[in-house]
Amino acid sequence: MIKKLLHSFFFLFAISLTAQDTAHYRLRLDVPLFDFPQNTSLPYKAPSMDQALKFSYDLYDISYWGIDKLGDKIFVPKTKPNTKLRKFSNAAFKFGLGLAFSFYGSELPIPLGVWGHEEFHRAVLGVNKIDSKNGNWILHRWDGTVYGVSDSTLSQLKRNDVNELLYSYVSGVQYEVALNEKITLQQFYKSRTLSKNSLMLYNAYYVFNYFRFSTGALTDSVKKLAPPHENKLSHERDFAGADLTAWVYDMFNPQQAYIVRDSFPNGEGVNRRVGFSDLSPEAQAYLKEQKNLSLLNFINPSLFFVNRIRVNSNFAFNLFTQYAPTHFGNDIALFVPLQYKQFDVLVNLHQYTNRNNRGYGIGLGLYNFKITPKLESDITLNVWEQPSTFYGNNKLVGGSLGLKINYYLSSGFSAYVSGVGKTDGWMLGNPYIKSNVSAQIGLNYNLAKK
């Protein structure tokens, strides 16, 4: 199977040649209309995990477009030459406003950061036939939770498949990691009038700060102080409490029944919030190690205004590291996007680690590949050897193949169909641990600077 995937990849890689895109884009929107099977099988139908990522990306893109326009209106003179001071002031204004919007606007109950974080939680619960609601949505409530899940449902999930429960915990911070990956690659392959460096900095900080909170005494204080302000009914409370302490607690105690926790004070069920002091010394040390590893998400030149490193007119590259917690431990990856003449290529290397073992993976991608003047394609191939659980020596050997065909309806609009097939194993941005085939259709809108 892997040989067939490799043959397919290199066959498409060698199809044709075309000129590299030199446009400078103000706006690039990806509107995912339908995602099968999630839009037909999730208890709440939509959005899928991929749709949540793209909807939030689009709203950020529109917001940064507005910031770009505002900065130019204030600082770019219409009747006299622009000065270095004005250019610097404009750039500083845009970065500062973008950073402020990322920190504070991401909390709004619309498709932005916190909403996307919660939708990633919901997607993993959803593919396990568990319905839930986003607690950061204008039509529900505004408190950064995923609710609507009872203790008995979580207890059953852990008993039936602890990996799925663990994945539901860490899928939230995987949203920030996936969004940064998407932004980094998009800005590398397609030049932007305003890059979202400030948003990427916020996302990397968000993940690290969540680990920092989870490894401190504040978790124990919140465990005591929060219950009086939470609903007495278990299904109205956040399903995880604190994502990362819950993750490590259940990962180190896979056979322990879910309900073996402290009782919820003055209400039903258990206190889902796990304090740092509730963890064993071994688990505490492990969580601290993950906090340090999350700093790898800052090793990305795009966070610091370097979207590509151009060697000459034919060749440019960048590289960044990426850390993501997973149901079996973690994934540490190195991404190397390349532009060589007309080719947009991606190479990524992965180390998948559980408690005592590790496996490796490699990914290859060919993006924005012109088949005809109106037809282009993306193709991605991943091969992996992953631990199957946190404890144990068993590994899953497999991979994935993705294909996207994009047809330009006009200079700015295009329609696409895409599909991804995968074997058993974990992929960032995919809610299925088990083998799966998914297909999407959607629209793109691109606005270039004139």
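Throughout, residue positions are numbered sequentially from 1 according to the sequence presented.
Each of Arg141, Arg272, Lys133 was scored for a salt bridge (Lys or Arg N to Asp or Glu O under 4.0 Å) with Glu236, with one residue passing: Arg141. Among the candidates Phe213, Tyr206, Tyr205, Phe211, the single residue satisfying the side-chain contact (heavy atoms from CB on, under 4.5 Å) test with Asn209 is Tyr205. Tested against Asp61 for a salt bridge (Lys or Arg N to Asp or Glu O under 4.0 Å), the candidates Lys196, Arg28, Lys190 yield a single pass: Lys196.
Counting heavy atoms from C-beta on, the side chains of Leu185 and Tyr189 come closer than 4.5 Å. Looking at heavy atoms from C-beta onward, Thr219 lies in side-chain contact with Phe276 at the 4.5 angstrom threshold. Between Asn136 and Trp142, some side-chain heavy-atom pair lies under the 4.5 Å cut-off. Taking 4.5 Å as the limit, every side-chain heavy atom of Val127 sits out of range of all side-chain heavy atoms of Asn436. A heavy-atom distance below 4.5 Å is not found between the side chains of Asn444 and Phe413. Side-chain contact between Thr321 and Asn300 is absent, with no heavy atoms from C-beta onward closer than 4.5 Å.
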Go through the steps to decide whether His121 and Asp243 satisfy the test side-chain hydrogen bond (donor to acceptor under 3.5 Å, both in side chains), and finish with yes or no.
CA-CA 10 Å; His121 284 307; Asp243 300 349; 3.0 Å; yes

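Here the OG atom belonging to Ser414 is positioned 7.0 Å from the CD atom belonging to Glu376, to the nearest 0.5 angstrom. Once rounded to the nearest 0.5 Å, the distance linking CZ of Arg273 with CG of Leu225 reads 10.0 Å.
Counted by atom type alone, Gln322 and Asn297 present zero donor-acceptor pairs between their side chains at under 3.5 Å. With 3.5 Å as the limit, one finds a donor-acceptor pair spanning the side chains of Arg192 and Gln186.
The side chain to side chain contact (heavy atoms under 4.5 Å, CB included) test applied to Asp378 returns Tyr367, Asn368, Lys404, not counting sequence neighbours.
Closest heavy-atom contact between Val207 and Val173: CG2-O, 4.0 Å.
By the 6.0 Å contact criterion, CG on Leu375 is enclosed, its count of non-hydrogen atoms from other residues, nucleotides or ligands being greater than 12.
In this structure, Phe390 and Tyr286 have perpendicular ring planes: the angle between them is above 60°, well past the 30° mark.
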